[in-house]
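Everything below concerns the one structure shown next.
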Amino acid sequence: MLSLRHRLVAHTARFLSTAETVGNVTTVTLNNPARRNALSLEMLNSLIENLEQQAGSARVIVLQAAGPVFSSGHDLKELAASSTETRGAVFSRCNDLMLLVNRYPVPVLASVDGLATAAGCQLVAAAQMAICSDRSRFATPGVNIGLFCSTPGVQLGRAVNRKLAMDMLLTGEPISAQAALVGGLVSRVIEGDKLAEETNRIAELIASKSSPVIKLGLQNFNSQMKRPLVDAAEQSAGVMVSNLDHPDGNEGLSAFLDKRHPTWNQDK
């Protein structure tokens, strides 16, 4: 169970998303189920605001949604009624959100129970980890209405294998939770009624690790993935040395040799 020592609830942009911290876990919730949690410009701004506000204090972020749809993607009514300038602003802001999640200083765990389509699927792909219920489905169906999911393809193509990405983008057909697991879009599939419990367990497990070490590892992983193999190996070797010199690196090694649980610097 999550600790009740600390609890903070913040609401923004007409409650379109919420941020709640319980213990060491911060949960950001898409909270507009009546509109299938569509990523309208307001929703995008709300999510960005909540994530930016939590960046300095969070140790792990759980990204979830209220209702049976994680997110249906962009608000098509909004796009249909908007000027070219406003449409550009929507997609630019969406890029801001996805890059924020990609580069977030602590792990972002997407917890999906239901349908995630188009930019909603993109958001799942952007997270460092994603788990879903066995009833979840994922799709990039824009091609069905003459609007190819080009921006969702950026994150999707970096999360799953190329053939699966092309299948989803070209056919628009949804894939099952199990297909998403095999393809690499999610890391675990959980029975629907156990998703919340397993999400909490994983989030608390990550939060129990050394936060400075997690941040160091995340930063290096993202950086080295963009580099040639030899350069990535050399860079990561240097990071390992720096990690060993870090107080929590010393503490962890000493605790292992002493056969005791480590006490991380942030816990003192």
Side-chain angles (χ1 to χ4, degrees), residues 1-4 7 17-33 36-39 47 50-51 54 58-73 97-98 101-102 104 106-141 152 155-156 158-161 164-165 167-168 173-209 211 214 217-218 221:
M1 296 293 292
L2 294 178
S3 169
L4 296 178
R7 188 174 182 88
S17 73
T18 63
E20 179 179 15
T21 298
V22 180
N24 294 319
V25 177
T26 298
T27 301
V28 175
T29 304
L30 286 74
N31 193 37
N32 192 16
R36 295 163 62 89
N37 293 311
L39 296 180
L47 287 168
N50 271 320
L51 286 168
Q54 303 302 321
R59 289 172 68 169
V60 61
I61 296 284
V62 171
L63 191 60
Q64 65 177 21
V69 177
F70 179 81
S71 175
S72 59
L97 173 62
M98 302 304 163
V101 172
N102 276 154
Y104 209 69
V106 300
V108 177
L109 168 62
S111 180
V112 182
D113 187 17
L115 183 64
T117 67
C121 183
Q122 181 183 3
L123 185 56
V124 177
Q128 283 92 1
M129 290 178 61
I131 65 174
C132 72
S133 67
D134 51 10
R135 55 182 168 242
S136 296
R137 294 184 301 155
F138 305 86
T140 50
Q155 298 292 340
L156 184 66
R158 286 162 171 76
V160 307
N161 66 71
L164 178 58
D167 190 313
M168 294 177 67
E173 291 185 336
I175 63 170
S176 67
Q178 191 60 36
L181 176 64
V182 172
L185 182 58
V186 301
S187 47
R188 306 187 191 203
V189 176
I190 310 298
E191 290 181 31
D193 59 351
K194 297 179 180 177
L195 180 64
E197 178 183 354
E198 184 66 3
T199 297
N200 286 342
R201 187 191 72 80
I202 294 171
E204 285 284 9
L205 180 62
I206 294 171
S208 72
K209 315 300 183 185
S211 185
I214 290 285
L218 272 179
F221 182 84

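These figures come from a predicted structure and were not determined experimentally.
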Response to the item:
d(Glu198 CD, Glu191 CD) to nearest 0.5 Å is 10.5 Å
Worksheet item: Can you check whether Thr199 reaches Ile190 side chain to side chain, under 4.5 Å on heavy atoms?
Response: no
Worksheet item: If you look at every heavy atom in Cys132 and Ser136, which pair is closest and at what distance?
Response: CB-OG, 3.7 Å
Response to the item:
What one should report as the nearest heavy-atom pair of Arg59 and Lys209 is NH2-O, 3.5 Å
Discussion item. Closer than 3.5 angstrom, by distance alone: can the side chain of Thr117 be matched with the main-chain N or O of Ala139 as a donor-acceptor pair?
Written reply: no
Practice prompt. Calculate, to the nearest 0.5 Å, the distance between atoms CG and CG belonging to Asn102 and Leu218 respectively.
Written response: 11.0 Å
Worksheet item: CD1/Ile214 to CZ/Phe221 distance, rounded to the nearest 0.5 angstrom?
Response: 12.5 Å
Worksheet entry | Short side-chain donor-acceptor distance under 3.5 Å, Ser17 and Asn50 | yes
Worksheet item: With a 4.5 Å limit on heavy-atom distance, are the side chains of Arg188 and Ile202 in contact?
Response: yes
Worksheet entry | Ser111 side, atom OG; Leu195 side, atom CG - distance, nearest 0.5 Å | 3.5 Å
Worksheet item: Would you say Thr29 and Glu20 make side-chain contact, with heavy atoms under 4.5 Å?
Response: no
Worksheet item: Are side-chain heavy atoms of Val25 and Asn200 found at a separation under 4.5 Å?
Response: no
Worksheet item: How close do Ala116 and Cys121 get, heavy atom to heavy atom, and via which atoms?
Response: O-CB, 3.7 Å
Discussion item. Working to the nearest 0.5 angstrom, can you tell me the gap between Thr27 OG1 and Leu63 CG?
Written reply: 9.5 Å
Fill in: Any donor-acceptor N or O pair under 3.5 Å, side chains Ser133, Asp113
yes
Practice prompt. Enter the distance from Ile61:CD1 to Ile206:CD1 here, rounded to the nearest 0.5 Å.
Written response: 11.5 Å
